[in-house]
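Residue numbers start from 1 in every chain, and the chains themselves are labelled A, B, ... in the order their sequence lines are given, proteins ahead of strands. Bear in mind that the values here come from a model prediction, so they are computed numbers and not experimental data.
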Amino acid sequence: MDPFSINGGACVAMVGKNCVAIACDLRLGKQTLTISNNYPKIFSYGDTYLGLTGLATDIETVSTDLRTKVNMYRLREERDIEPETFTNLVSSYLYQRRFGPFYVSPVVAGINNRTGEPFIAAFDCLGCTDYSKDFVVSGTSSNQLFGTCESLWEPGLEPEDLFETISQVLLNSMDRDALAGWGAHVYIITKDQVIKRLLKTRQD
Amino acid sequence: MKAEDDKTRILNDHCLMAYSGEAGDTGMLTRSFGRGKVQFAEFIQANVQLYGMRSNCTQALSPSSVSSFVRTELAKSLRSRKPYNLNLLIGGYDTVNDKPELYWLDFLAAKDKLPYAAHGYAQYYCLSILDKHHHPNIDLEQGLKILRMCIEELDRRMPMNFKGVNVKVITKTGIQDLEY
Amino acid sequence: MSRRYDSRTTIFSPEGRLYQVEYALEAISHAGTALGILAKDGIVLAAERKVTSKLLEQDSSAEKLYILNDNMICAVAGMTADANILINFARQSAQGYLATYNEDIPCEMLVKRLCDLKQGYTQHGGLRPFGVSFIYAGYDSQREFQLYQSNPSGNYGGWKATSVGANNASAQSLLKQDYKENCDLTEACSIAVKILSKTMDSTTLSSEKIEFATLGRTPAGKIYHHLWTAPEITDLLRKHGLAKEKTEEK
């Protein structure tokens, strides 16, 4: 009964050339029983995107708490939050629960609105930030995701190639994990647009 | 345990909540001990009704906001000294968007909106039947037919007698008890 | 003599009045005018900004119009410092509701929560009431577009068109004259700018002196709120022949 693998799920983010991508699966389960095949794990906060895997109840709690914080930030500052700032917010928010943590592994992806630099980061459930220049993964399929990322990702991918890469990475990792899969969402983020695609996958 | 125990609560005109907890955690016994599932159900019912009264009965909570409210309260209790231990189904008719909705919540306060849902052993016996026969736009008649199939399956295969079922229907016009 | 009944906010005078509340109302009647007009497809809020000095930094952010949440904005008349406290309260309150119910707070409920806070200061002793009146423009799915006004006593009401601040009596009577039932948002904007031009002290209007905000629905059906930029306000003024440059040409 590891809280991180009760509900199952997978999430991955990647950097491309002036773009980033983030993708998640759609399964919600209770151990081996699948409850739903439409449970997205990516949330948007302005132009910054957050993927959450782990315990479903904490995915919901963390995503709404952060929405409250980001909304208040936007009202105060009269602008959207930058991915770097948001990363620090997530980190300090999670560490507030150091001795009774939320069982989630967040992933952040976005493009800095000022510099145009792509940005990704991942965390453990206590808020320790893992900055990365290539890719970050989380969820029950994280081992498989690391493997497929290492072999498929290459630097300087254009948005369409990045979409193909991240989709193949996620799809092939999910197929080797009984707790993740059942459809996927992929976001390709460039400076002036965000494309969201739904992937149909095998339903077993 | 009583044989005829209605494990549902009418929250408002278009919203019904069904709940189940661990065996023995029901009725008068837990009432004297404090926080049982009935107490949680009563708490939710009272608060949803209070919301209606505060707006002079002009506004009622939509099924989606009821489910979010229930989830917030259950999630609060999850990390408290003595958490509630119950699984919930919330059915409601959204009168603004003219759509029926079903929400599934487990004792960890994980929530999802589903086309069909079950809790406990019924999940293992019935979800496969629902996977096969449920379609997005079935009418009430067809829905009841599938429900009957599910209950027959439970009757046949469950290793215990669950002493019949309560069936309630939520439509645009409100909540009705169904003879079953 | 007057000192006897107004040293405390909570003491009624023999005529049954609360002097401190009336003083607060008096303070507001010296503030810049703010008005709101309800149209069939949206709401416009307009406010007079009193520029006190040329040396004052003219920052881009509004000083009289504020966003409360995704579907509600408000105009302020009175003490800005007091207003900031109340606006922060309203924003947190709205976010609290959103977190619990995953739905935007109904407009009247937010107005009511704010007014409950204001009312508290007319009853519990030792503190001064908030010297602010608000005009709220909001949208919710149940009651659609709504316009409310509230004052320091904690009273509030729904309106089709209303005004607060200096000259609000004349603004109110102009609104009564000019308001058209079922007007659209652009008509409402022109009514607003015309009335503001008549009630303001200065003869010429400019984008530094007024603020404009609209709440409406996009063609796709999404609710938007928009605080107007200086060029947009200048455009509107020019369209109605109220801009500074225009008067200089004549």
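- Under a cut-off of 6.0 angstrom, the local environment of NZ in A/K191 is crowded, with over 12 non-hydrogen atoms contributed by other residues, nucleotides or ligands.
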**Request:** Evaluate side-chain contact (heavy atoms from CB on, under 4.5 Å) for A/L28 paired with B/W104, printing each intermediate quantity in order.
**Result:** CA-CA 11 Å; A/L28 171 71; B/W104 174 95; 4.1 Å; yes
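- Of the listed residues (A/I59, A/D58, A/N37), the greatest number of heavy-atom pairs within a distance under 4.5 Å of chain B belongs to A/D58.
- Both the backbone and the side chain of B/L108 have a heavy atom closer than 4.5 Å to some heavy atom of chain A.
- Smallest separation of non-hydrogen atoms from B/A110 and A/T57: N-CB, 3.8 Å.
- For B/L78, the part lying under 4.5 angstrom from a heavy atom of chain A is the side chain only.
- At most 12 heavy atoms of other shown residues, nucleotides or ligands fall within 6.0 angstrom of atom CZ in B/R148.
- Rounded to the nearest 0.5 angstrom, B/L105 CG and A/E60 CD are separated by 8.5 Å.
- Around OH of B/Y180, the count of heavy atoms belonging to other residues, nucleotides or ligands within 6.0 Å exceeds 12.
- A 6.0 Å sphere centred on OH of A/Y95 holds no more than 12 heavy atoms belonging to other residues, nucleotides or ligands.
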**Message:** Could you go through A/T61 and B/R71, starting from their C-alpha distance and side-chain angles, then the distance that decides it, and tell me whether this counts as side-chain contact (heavy atoms from CB on, under 4.5 Å)?
**Reply:** CA-CA 9 Å; A/T61 308; B/R71 202 208 85 84; 2.9 Å; yes
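- Atom CG of A/D47 has 12 or fewer heavy atoms from other residues, nucleotides or ligands within 6.0 Å.
- Crowding of B/Q176 atom CD: a count of heavy atoms from other residues, nucleotides or ligands under 6.0 Å exceeding 12.
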**Request:** Kindly indicate, with the supporting measurements, whether the criterion side-chain contact (heavy atoms from CB on, under 4.5 Å) is fulfilled by B/L127 and A/L33.
**Result:** CA-CA 10 Å; B/L127 286 186; A/L33 176 79; 4.2 Å; yes
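- Scanning all heavy atoms of the two residues, the minimum distance from A/Y103 to B/R79 falls at CD1-NH2, 4.3 Å.
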